[in-house]
Amino acid sequence: MQRFARWKIYLVAAALLLASLYTLPNFFPQVPAVFVAPRHEQLAADIEDQIRKTLEGAKIPFRQISLESKQLVIRFPDVESQLKARDSLQKGFEADNTLALNLVSDAPTWLRQLGASPMFLGLDLRGGVHFQLKVDTRDTVGKSLDTQLADIRRFVREKQIDLTNSERTHEKITLTLNPATPPATLMEQLNKQYAGVLAIHTQTNIITLEPTPAEFERLSKAAVDQNMAILHKRVNELGIAEPIVQRQGTDRIVVELPGVQDIARAKEILGRTATLDLRIVSDDQAGLAAARSGQMPPVGTELLKDRQGNPILVKRQSQLTGNQISDAQPGFDQQTQEPVVHISLDKIGSRIFEDLTRENIGRRMAILLVEKNKTEVITAPTIRERISGGRVQISGSMNTQEAQDISLLMRAGALAAPMDIIEERTVGPSLGLDNIQKGFQSVLYGFAILSAFIMLYYRGMGIIATISLIANVALLVGILSLLQATLTLPGIAAIALTLGMAIDANVLINERIREELREGAKPHVAIEVGYDQAWRTILDSNITTLIAGLALFAFGSGPIKGFAVVHCLGILTSMFSAVLVSRCIVYLIYGRFGSKLGSISIGHVWKGKSTATSPTKAASI
């Protein structure tokens with residue numbers, strides 16, 4: 001024991017201090033709160049004072065207002081005050097900020113300033129809704145082929161190649177040439193431009209193009225990645241704290257919204273693919289009449305309906321799309337007081353819109369909402385003058401909620417490909433609370449049984465093992481809190497498993513010490529050799545278990561991956577606590593005696609019949 005370095009004692013002390021510090025916030029209760037997050041880059045400089053005056057003016061009690069992670073968190077003594085505050089703040093602050101209801105830790109301010117926060121609770125512990133969405137990647141492939149087909153048609157016109165037919169069907173392009181036309185020029189251009197992107201097949205006068213496997217995979221991955229980015233924006237706009245958006249497989253996305261209250265609205269917002277489209281209304285009254293009678297509309301036009309069911313003939317060419325939108329906010333028309341959406345365009349969009357309005361004064365401009373291949377005319381106002389500045393107002397028979405939803409979709413952007421919700425699972429808050437109670441009770445009862453057994457069997461060394469077990473749990477919870485991990489039921493199961501593995505290491509150490517005592521070693525030598533020899537066995541057994549945990553993390557998903565993370569961290573903390581923490585305590589208790597140490601409280605150490613039939617002095621209690 002004389003070889004136990006002093007720096008190890010300092011290391012153990014520092015680790016336990018930090019673990020206790022970051023574990024502490026988990027013991028404070030959750031209180032209702034309102035989150036105020038900026039829709040743009042940052043909060044207004046005086047927003048805290050304004051909110052404080054608003055709440056005090058409405059006589060709504062609150063506990064604290066603090067700035068955390070670039071958003072204001074207002075804590076309240078009860079749910080009733082939280083709801084009243086949300087209703088009061090919506091009137092003056094929701095235009096530029098997102099308001100969200102949530103439960104937050106009531107930990108002291110000094111703990112939060114040190115970055116000590118409790119672990120997040122998963123869906124199964126907190127309640128909420130789980131969605132699994134399937135991305136229709138074929139739609140993205142189809143859009144890419146449409147663009148390529150337009151380029152091919154442009155090239156054919158420029159080179160005056162006699163092409164009798166060109167169309168896209170499903171996931172391939174078919175070009176039909178006049179039998180008398182040699183395909184050499186067209187084939188040369190196709191091979192030059194689409195090598196490695198499209199697989200080209202020829203048969204007499206028919207050329208077929210389809211995406212290569214590598215291109216198909218690239219387009220599918222890009223669609224899923226863009227949809228995930230858009231979904232992140234949308235759930236943030238909904239004001240949901242701690243959302244989980246992650247890929248599952250090649251074409252599926254899992255979205256978990258803990259604590260969400262309006263599940264129907266969340267479901268609608270996540271699946272919508274709305275985007276904006278501006279087109280000029282056609283002046284061809286004869287074409288409109290013919291299209292209304294069931295005939296084909298004139299070339300380059302399309303017959304649509306507005307929200308009142310009136311037919312409108314619009315040109316197919318888009319003048320401005322949702323890609324040029326930089327911001328969108330709900331509001332009210334100053335004259336009619338009807339709900340509207342105020343849209344701000346970026347520099348390119350502002351220039352396009354200014355040119356569009358200058359060149360089409362006196363004509364009607366249709367503002368379309370395109371969603372899942374369904375196009376609807378929201379409004380079709382007449383252009384009275386040139387409009388500069390990039391500010392557009394959309395109105396047309398919409399209520400306040402619809403104006404908010406449309407502005408949210410415009411801000412978040414359009415999905416790259418449509419999605420369908422293939423799985424929906426809802427966990428109520430009462431069930432989540434029951435899961436928490438049962439989960440922690442199982443860990444507590446397991447800890448109590450293990451501690452009782454180890455203290456009865458190993459006496460003093462069993463008490464030291466129990467202390468190291470407590471240190472192990474504190475280290476594990478502290479690390480998870482520091483990483484802001486999300487605790488789920490599988491995570492609680494991994495913590496329980498960690499307790500069993502940690503006590504196993506202490507059993508190995510104590511039995512190795514007993515073995516040395518049976519061989520007649522002096523107590524201080526038995527402790528030294530016992531820890532050194534047991535360390536090798538502990539290391540071997542934990543490495544094999546760690547490999548299994550890493551395999552679960554690498555190849556698992558969802559709950560399995562969460563279990564693997566806690567499991568692997570638990571292995572590392574159990575090795576640290578069983579070897580370093582317990583040895584440090586043993587050194588502090590027995591180290592001062594050195595070679596004069598007469599006995600160790602480690603239970604009965606029975607020797608074989610050839611040497612003795614009674615416990616040794618070194619094993620006294």
Let me see the working for R536 and D540 under salt bridge (charged side-chain N to carboxylate O under 4.0 Å, His left out), right down to the final yes or no.
CA-CA 6 Å; R536 301 171 188 173; D540 291 342; over 6 Å; no
Evaluate the side-chain contact (heavy atoms from CB on, under 4.5 Å) criterion for residues M461 and V586: first the C-alpha distance (whole Å), next the side-chain angles of each, then the deciding distance (0.1 Å), finally the verdict.
CA-CA 8 Å; M461 291 296 289; V586 169; 3.8 Å; yes
Walk me through whether Y458 and E511 qualify under side-chain contact (heavy atoms from CB on, under 4.5 Å).
CA-CA 9 Å; Y458 290 114; E511 287 301 324; 2.6 Å; yes
Residues T573, N472; criterion side-chain hydrogen bond (donor to acceptor under 3.5 Å, both in side chains); working and verdict
CA-CA 6 Å; T573 57; N472 178 36; 2.8 Å; yes
Report the C-alpha distance between E80 and K84 in whole Å, list the side-chain angles of each, state the deciding distance to 0.1 Å, and finish with yes or no for salt bridge (charged side-chain N to carboxylate O under 4.0 Å, His left out).
CA-CA 6 Å; E80 183 180 358; K84 287 181 179 180; 3.3 Å; yes
Would you please test T498 and V473 for side-chain contact (heavy atoms from CB on, under 4.5 Å) and show each step?
CA-CA 8 Å; T498 298; V473 176; over 6 Å; no
side-chain contact (heavy atoms from CB on, under 4.5 Å) for T250 and V224? Distances and angles first, verdict last.
CA-CA 8 Å; T250 57; V224 176; over 6 Å; no
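Distance alone, capped at 3.5 Å, is enough to place a donor-acceptor pair between the T23 side chain and the G478 backbone. Of the possible donor and acceptor atoms, one in the side chain of S541 sits under 3.5 Å from a partner among the backbone N and O of I538. Side-chain N or O atoms of D106 include none that pairs as donor or acceptor with a backbone N or O of F28 at under 3.5 Å. When atom types are taken as modelled, the side chain of R112 and the backbone of A107 share a donor-acceptor pair closer than 3.5 angstrom. Counting only distance, with no hydrogens or angles, the side chain of Q82 and the backbone of A33 share a donor-acceptor pair below 3.5 Å. In this structure, R75 contributes its side chain and S105 its backbone to a donor-acceptor pair below 3.5 Å. Listed for the Q484 side chain is a donor-acceptor partner under 3.5 Å among the backbone atoms of S481. The backbone N or O of M119 sits less than 3.5 Å from a side-chain atom of N26, completing a donor-acceptor pair.
To the nearest 0.5 Å, atom CD1 of residue I600 and atom CZ of residue R514 are 11.0 Å apart. Between T544 atom OG1 and N542 atom CG the span is 7.5 Å, to the nearest 0.5 Å. Rounding to the nearest 0.5 Å places OG1 of T466 at 9.0 Å from CG of L450. Taking OG of S468 as the start and CD1 of I463 as the end, the distance is 12.0 Å to the nearest 0.5 Å. Separating the CZ atom in F131 from the CD atom in E424 is a distance of 4.5 Å, to the nearest 0.5 Å. Annotation: the span from S577 atom OG to I503 atom CD1 amounts to 9.0 Å, rounded to 0.5 Å.
The closest side-chain heavy-atom distance from V245 to E256 is not below 4.5 Å. Looking at L483 and L569, their side chains come closer than 4.5 Å, going by heavy atoms from C-beta outward. Using a 4.5 Å heavy-atom threshold, the side chains of F62 and V34 count as separate. Contact check for I467 versus I585: side-chain heavy atoms found under the 4.5 Å cut-off. With a 4.5 Å cut-off on side-chain heavy atoms, D225 and R247 count as touching. Residues T488 and F563 form no side-chain contact, since every pair of their non-hydrogen atoms from C-beta on lies 4.5 Å or further apart. Side-chain contact between L83 and R86: present, with at least one pair of heavy atoms (C-beta onward) separated by less than 4.5 Å. Residues Q132 and R252 have side chains in contact (heavy-atom distance under 4.5 Å, counting atoms from C-beta outward).
Salt bridge annotation for D49-K53: absent, with no cationic side-chain nitrogen under 4.0 angstrom from a carboxylate oxygen. The existence of a salt bridge linking R52 and E48 is confirmed by a sub-4.0 Å separation between a basic side-chain nitrogen and an acidic carboxylate oxygen. Using a 4.0 Å cut-off between charged nitrogen and carboxylate oxygen, D532 and R512 do not count as a salt-bridge pair.
Taking each heavy atom of S601 and Y590 in turn, the nearest pair found is N-OH, 3.4 Å. Closest of all the heavy-atom pairs between G570 and L476 is N-CD1, 3.7 Å. Nearest approach of A578 to A505, heavy atoms of both residues: CB-CB, 3.5 Å. For the pair A116 and L21, the tightest heavy-atom approach, listed with the atom from each and the gap, is CB-O, 3.9 Å. In plain terms, the two heavy atoms of I513 and G530 that are nearest each other are CG1-CA, 3.9 Å. Closest heavy-atom contact between L89 and I51: CD2-CG2, 4.0 Å.
Only one option out of L546, L550, L497 pairs with H567 in a side chain to side chain contact (heavy atoms under 4.5 Å, CB included); it is L497.
Applying the ring pair (Phe, Tyr, Trp, His ring centres under 6.0 Å) test to F453 and every residue at least two apart in sequence or in another chain returns Y457.
The list of ring pair (Phe, Tyr, Trp, His ring centres under 6.0 Å) pairs with a residue in residues 6-25, not counting sequence neighbours, is empty.
Atom CZ of F553 has 12 or fewer neighbouring heavy atoms from other residues, nucleotides or ligands inside a 6.0 Å radius.
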